[in-house]
Participant: 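Structure below; questions to follow.
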Amino acid sequence: MDVLDLPHSDSGSRAALPLVLLHGFPLDHSMWAAQRDALVAAGFRVLVPDLRGHGKAPSGRGPATMAAMAGDVLRMTDRAGVRRFGVAGFSMGGYVAFELLRQAPERVAGLALVDTRAEPDSDEAKAARIQTAERVRKEGARALSDAMLPKMLTPHAQPEMRARVERVMLATPPEGAAQVLLGMRDRMDARPLLKAVRVPTVVVVGSEDPVTPPDAARAMAEAVPGARLVVVEGAAHLAPVERPEEVARALVEWARTLRA
Ligand code: MLT
């Protein structure tokens, strides 16, 4: 498996507990801007990468599996001198967080699962991933933004916010996005991992999330011993952008419960 160097920001005191924020598909580090600032202001060190196939990151060879993405994140933390860290994953970033639990559970000090799900793709969803990958190769990232933008934000979101998210989606390299779709298709079932989690966990979900709905979040929160569920009212899938302060508050409260 190739391991890539990820472009990333690293803010806050080096002496503070490190947190890693993992974005979703087809997005980049910028979705976490408000939460990063709030966590740094609350005294944490925060690393935010662009994951392979997204933003300014390279794409690597072949399908961008969740295991490969987790390997990249471990390399980033190794190089930053970070051994144990709390990880917050949004949607696809959550799938990568599950892989970190699989590959290096001793390094995960806490888990924030934001608008994500533990179950793998159904056969139907797997077939759709292949079709979407083909469309993105032919038509570019517009095929993704047209399909996904309506699910990311509620109809009440400001046009400026919608335009910002669309710009990030359209900047996703088409071949990278196609490889990520194939990687997500092949991800493993993370449900068996949940009951073994022994670190502070918060599950955050937008009340209107049509992609990873509140029921799926509730099931995850019930499966992880001691997990807290935060339902963010008035947000669709991309709750960290649509309701930045509420999600930041949930993450700061969670981060304060972590032990290095
Ligand atoms: C995401 O927001 O990362 C994607 O919706 C995840 C997925 O397509 O499964």
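Below, each value reflects all heavy atoms present in this structure, side chains not excepted, and no hydrogens, waters or symmetry copies. Every number for a ligand or one of its atoms is a count from 1 in the order of the listing.
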Participant: Please could you name the atoms of ligand 1 that G24 approaches to less than 4.0 Å, counting only its heavy atoms?
Facilitator: 3 (O)

Participant: Mind checking whether R117 contacts ligand 1 via backbone (N, CA, C, O), side chain (CB onward), both or neither, at a 4.0 Å heavy-atom cut-off?
Facilitator: side chain

Participant: Which ligand 1 atoms does M92 reach within 4.0 Å, using its non-hydrogen atoms?
Facilitator: 1 (C), 3 (O)

Participant: Between S9 and H29, is any side-chain donor less than 3.5 angstrom from a side-chain acceptor?
Facilitator: no

Participant: State which residues pass side chain to side chain donor-acceptor pair (under 3.5 Å) with E222; sequence neighbours excluded, sorted by chain then number.
Facilitator: none

Participant: Identify, for atom 3 (O) of ligand 1, the protein heavy atom at the shortest distance, and state residue, atom and that distance.
Facilitator: F25 N, 2.8 Å

Participant: Regarding ligand 1, does V211 bring an N or O atom to under 3.5 Å of one of the ligand's N or O atoms?
Facilitator: no

Participant: Please determine whether a side-chain nitrogen of the Lys or Arg among E233 and R243 lies less than 4.0 Å from a carboxylate oxygen of the Asp or Glu.
Facilitator: no

Participant: In the protein, which heavy atom is nearest to atom 6 (C) of ligand 1, and how far is it?
Facilitator: S91 OG, 3.2 Å

Participant: What's the shortest distance from atom 9 (O) of ligand 1 to any protein heavy atom, and which residue and atom give it?
Facilitator: Y95 OH, 2.6 Å

Participant: Provide the closest heavy-atom pair for G206 versus P214 in the form atom of the first, atom of the second, distance.
Facilitator: O-CG, 3.6 Å

Participant: May I ask you to decide whether D2 forms a salt bridge with R52, counting only side-chain N to carboxylate O separations under 4.0 Å?
Facilitator: yes

Participant: For H23 and ligand 1, answer yes if some heavy atom of the residue is under 4.0 Å from a ligand atom, otherwise no.
Facilitator: no

Participant: Identify the protein heavy atom lying closest to atom 8 (O) of ligand 1, giving its residue, its atom name and the separation to 0.1 Å.
Facilitator: R129 NH1, 2.8 Å

Participant: Return the set of residues passing side chain to side chain contact (heavy atoms under 4.5 Å, CB included) with D78 (not counting sequence neighbours), or none when no residue passes.
Facilitator: R107

Participant: Using a 4.0 Å heavy-atom threshold (strictly under), name the region of K151 that reaches ligand 1: side chain, backbone, both or neither.
Facilitator: neither

Participant: Can you name the atoms of ligand 1, numbered from 1 with element, that are less than 4.0 Å from a heavy atom of F90?
Facilitator: 2 (O)

Participant: Flag the pair R249 and E253 as a salt bridge only when some basic side-chain nitrogen lies within less than 4.0 angstrom of an acidic carboxylate oxygen.
Facilitator: no

Participant: Against S91, only a single residue in R117, H237, H23 fulfils side-chain hydrogen bond (donor to acceptor under 3.5 Å, both in side chains); can you say which?
Facilitator: H237

Participant: Starting from atom 5 (O) of ligand 1, find the nearest protein heavy-atom neighbour and note its residue, name and distance.
Facilitator: M148 CE, 3.4 Å

